[in-house]
Amino acid sequence: MEITSNFIKSIMEEDLNSGKVNEIVTRFPPEPNAYLHIGHARAIITNFELARHFGGKTNLRFDDTNPVKEDSSFVEAIKKDIEWLGYKPANILFGSDYFDATYELAIKLIKKGLAYVCDLNPDEMREYRGTLTTPGKDSPYRNRTVEENLILFENMKNGKYQDGEKTLRAKIDMSSPNMNMRDPVIYRIIHIEHHNTGNKWCIYPMYDFAHPLQDAFEGVTHSLCSLEYDDHRVLYDWFVEKCEMEHVPHQYEFGRLNITNTIMSKRYLKQLVDEKMVKGYDDPRMPTLAGLRRRGYTKDSIINFILSTGLSRINSTVSSEMLETSLRNDLNTKVKRVNAVIDPLKVIIINYPDNNVEWIDVDFNNDNLDLGKRKIAFGKEIYIEREDFIEEKPNKKWKRLSLGIEVRLMHAYFIKCNEVIYNEDGSIKELHCTYDELTKSGSGFDERKPNGNIHFVEASTALPADINLFEPLLTDSDGKKDLFTRLNPNSWATFKGFVEPSLKDTLPLERFQFIRKGYFTTDYDSKKDRLIFNRIVELKSSFN
RNA sequence: UGGGCUAUGGCCAAGUGGUUAAGGCAUCGGACUUUGACUCCGAGAUCGGUAGUUCAAAUCUACCUAGCCCAGCCA
């Protein structure tokens, strides 16, 4: 799928045509403090696809300017996710690669009288900043001399002060209606080991200062970010200008992507993992890229989904059905379609010979014959889906099995149900049916139509399997409620089912359509003697 | 009268003065069907509101309304 028309694409076209830039250079700048989720996929895909469309390039740059929150384990996870999506960064970089250069630029600002060391503590600074409707007032330290600031800043760098004791601030305008311009902090003191630079530094640049400079260092032309940075843009431009950067990058903002029934908050995702409400960041119910991968989503389904949602300056919420549709479209003709019974109900064909199993040749996928054929078994005892039987046909629309009703077992015979055998508790134990030898599939029989077609597996040859079905993690979307009270107790259900013999040697992440039941993938933990499948999505259904 | 941003069918989203206002998802009809799947037909908006400019406006102007973001030494 080609990236659709959007406002950023238009800007890039104009910039290329006007000669403002010779090449499109973008970057994806994750902070290595969490796993990437489907919301991040929009940023990744937009940056990479746009650059690719124009023959440009994209860097992966870890925004690691705050060592108290960041960790190299996240660096590896993020790299893996991007690689999985199929994108190859032109360069893999770290904000911390530029700490020396950034430090020099801070000194440059001091020398130009545009930055000063401030002794205000956090409470005082908040007080001096003013409010949304009232201007702030100048820090008492605002007019220190360049010489004094230079010495103080060097002392900061050399570890002469405690965390929080001093900051370096840009000298802009304490009465600006834009809070970001009220002398923002650009360096703070943090005595903690950094995952990349170790203990070399005890001062770290703030995002607003570091980010535009990093973009400029790398020759980024179009720096894409989300809407909430809109009123940081003037500050972004201020730093690029005042630091006299050779390359002048420009920031453009787009809206975040939300999906219905999906948790898109780093904090909540972390809480789910930390409090063991899920089995980790790659739990198949998680909207992390790692979780979606384990769930069985293909990278193409995710990319196509993102591209199909478009891009604008609106924070949008698209239906989760769109993601599901994208997966179905991707897999429909690509994967084998096989028989699996998730919630088995035993059926005995009373007029079929004992101890006999016949094998039937069947295409793996009618719509893609290249996938080949396999043999499916039929015999005296079979399993069908418990939900495919109701004693009394409820209405004319019911296209499954009922007492006295005849259906076709796909690729095999018509069967008619004659008797229901019950357990002591009144539940259905098994069904006694008869089959009609004349109705064998492929025989050309057309004397009568069955009341629908259902799938089955032959009992003696079927492979037992754990089949996991998922529902959304939360029961509602009221973000005000406590996470615990919103948890969906049915988000993970495991069934003891059976699959057809052709799945004997399946490997993790192989994908199938279980006929009439949805798309499934073989779980990472699946073994030859203990098959495990995860449902990716159900098939679309106009029933119910 | 703090600043900024946004407003096209149920959800996304093209469209930048002249088109019957693209497309996708969802929905509702219908055809087909050995998956109630797929596929194929068909159905739906006058563009937040009001007033203007113009031969002509979703596209320009003004005003209004609604929503989102900003007061971290987070990003």
Side-chain angles (χ1 to χ4, degrees), chain A residues 4-7 10 29-31 33 63-66 68-70 95 118 120-122 125-127 129-136 163-169 175-182 184-190 203-204 206-208 210-211 225-234 253 255 257 259-260 266 304-305 307-326 328-329 332-333 337 339 362 366-367 397-400 407-412 414 441-442 449-450 452-455 513-518 538-544:
Chain A
T4 48
S5 175
N6 64 60
F7 72 103
S10 303
E31 184 186 12
N33 71 343
D63 212 338
D64 57 351
T65 55
N66 184 359
V68 315
K69 298 171 71 176
E70 295 145 8
C118 184
L120 254 27
N121 67 38
M125 198 176 289
R126 189 177 313 116
E127 190 186 325
R129 187 156 37 229
T131 71
L132 293 177
T133 52
T134 59
D163 287 8
E165 200 176 327
K166 283 179 167 45
T167 57
L168 182 70
R169 295 224 260 165
S175 63
S176 172
N178 181 340
M179 301 297 287
N180 298 121
M181 300 301 273
R182 318 245 264 226
V185 171
I186 61 178
Y187 262 96
R188 71 300 208 185
I189 300 168
I190 304 174
I203 57 171
Y204 293 91
M206 297 286 287
Y207 168 88
D208 280 325
H211 206 87
C225 61
S226 47
L227 243 33
E228 65 266 32
Y229 290 100
D230 191 303
D231 49 18
H232 291 243
R233 188 176 56 242
V234 54
E253 311 83 26
L257 175 67
I259 302 174
T260 57
K266 278 185 183 179
N304 289 338
F305 162 70
L307 294 180
S308 68
T309 62
L311 191 70
S312 72
R313 285 179 62 87
I314 295 176
N315 285 319
S316 54
T317 302
V318 304
S319 167
S320 55
E321 287 162 325
M322 242 172 123
L323 213 206
E324 297 181 348
T325 296
S326 182
R328 293 188 194 109
N329 289 342
N332 182 33
T333 59
R337 314 212 282 213
N339 290 315
V362 181
N366 290 329
D367 298 319
K397 286 194 166 184
W398 178 255
K399 293 167 71 175
R400 307 180 187 184
V407 298
R408 171 165 28 224
L409 295 173
M410 290 176 68
H411 305 117
F414 289 12
S441 286
K449 295 284 181 198
N453 304 288
I454 66 172
H455 62 100
Q513 181 193 126
F514 285 0
I515 292 168
R516 301 208 307 137
K517 300 311 294 180
E538 294 182 70
L539 248 33
K540 188 177 164 184
S541 172
S542 56
F543 182 56
N544 283 340

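We name chains A, B, ... by the order of the sequence lines, and we start the count at 1 in each one. Computation of the quantities below employed the complete heavy-atom set of this structure, encompassing side-chain atoms and omitting hydrogens, waters and symmetry-equivalent molecules.
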Next on the checklist: Taking only the C1' atom of each, what is the distance from B:U50 to B:C12 in whole angstrom?
Outcome noted: 28 Å

Item to check | Parallel, tilted or perpendicular: rings of A:Tyr207 and A:Tyr229 (30°, 60°) | outcome: tilted

Next on the checklist: Over all strands shown, is A:Arg408 touching base, sugar-phosphate only, or nothing at heavy-atom distances under 4.0 angstrom?
Outcome noted: base

Next on the checklist: Taking atom types as they are modelled, would you say the side chain of A:Arg313 forms a donor-acceptor pair with the base of B:U6 within the 3.5 Å cutoff?
Outcome noted: no

Checklist entry - Side chains of A:Asn6 and A:Ser312: does their closest heavy-atom pair fall under 4.5 Å? => result no

Checklist entry - Quantified in whole Å, what is the P atom distance between nucleotide B:A62 and nucleotide B:U6? => result 15 Å

Checklist entry - If you look at every strand shown and take non-hydrogen atoms under 4.0 Å, does A:Gly95 touch a base, only sugar-phosphate, or nothing? => result nothing

Next on the checklist: Under 4.0 Å, heavy atoms only, any strand: does A:Lys397 hit a base, just the sugar-phosphate, or nothing?
Outcome noted: base

Next on the checklist: Can you tell me which nucleotide in B:C73, B:C68, B:A26 comes closest to the side chain of A:Asn315?
Outcome noted: B:C68

Checklist entry - Counting any heavy atom closer than 4.0 Å, what does A:His232 reach on the DNA or RNA strands: base, sugar-phosphate only, or nothing? => result base

Checklist entry - Is A:Ile515 close to A:Gln513 at the side-chain level, that is, under 4.5 Å between some pair of heavy atoms? => result yes

Next on the checklist: Could you check whether the side chain of A:Arg400 and the base of B:G36 have a donor-acceptor pair of N or O atoms closer than 3.5 Å, going by distance alone?
Outcome noted: yes

Next on the checklist: Any base atoms under 4.0 Å from A:Thr167, or only sugar-phosphate, or nothing? Heavy atoms, all strands.
Outcome noted: base

Checklist entry - Within the structure shown, what part of the strands sits under 4.0 Å from A:Ser441 by heavy-atom distance: base, sugar-phosphate, or nothing? => result base

Next on the checklist: At 4.0 Å (heavy atoms only), tell me whether A:Ile189 reaches a base, stays on the sugar-phosphate, or touches nothing.
Outcome noted: nothing

Checklist entry - What nucleic acid atoms does A:Lys69 come within less than 4.0 Å of, heavy atoms only: base, sugar-phosphate, or nothing? => result base

Item to check | B:U59 - base-pair partner by Watson-Crick or wobble geometry, distances under 3.5 Å | outcome: none

Next on the checklist: Under 4.0 Å, counting only non-hydrogen atoms across every strand here, what does A:Ser326 touch: a base, just sugar-phosphate, or nothing?
Outcome noted: nothing

Checklist entry - On a plain distance test, is the side chain of A:Asp230 in donor-acceptor contact with the base of B:G4 below 3.5 Å? => result no

Next on the checklist: Taking B:G23 as the reference, what is the distance to B:G44 when you measure between their C1' atoms (whole Å, please)?
Outcome noted: 15 Å

Next on the checklist: Could you tell me how far B:C28 sits from B:G9 if I compare only their C1' atoms? Round to whole Å.
Outcome noted: 14 Å

Checklist entry - Looking for any heavy atom pair under 4.0 Å, which part of the strands does A:Thr65 touch: base, sugar-phosphate only, or nothing? => result sugar-phosphate

Item to check | Sugar-phosphate, base or nothing in reach of A:Lys540, heavy atoms under 4.0 Å | outcome: sugar-phosphate

Checklist entry - Distance between the P atoms of B:C25 and B:A57, in whole angstroms? => result 33 Å

Next on the checklist: Classify A:Arg337 by what it touches in the nucleic acid, base, sugar-phosphate, or nothing, heavy-atom distance under 4.0 Å.
Outcome noted: base

Checklist entry - Looking for any heavy atom pair under 4.0 Å, which part of the strands does A:Ile515 touch: base, sugar-phosphate only, or nothing? => result base

Checklist entry - If you look at every strand shown and take non-hydrogen atoms under 4.0 Å, does A:Met125 touch a base, only sugar-phosphate, or nothing? => result base

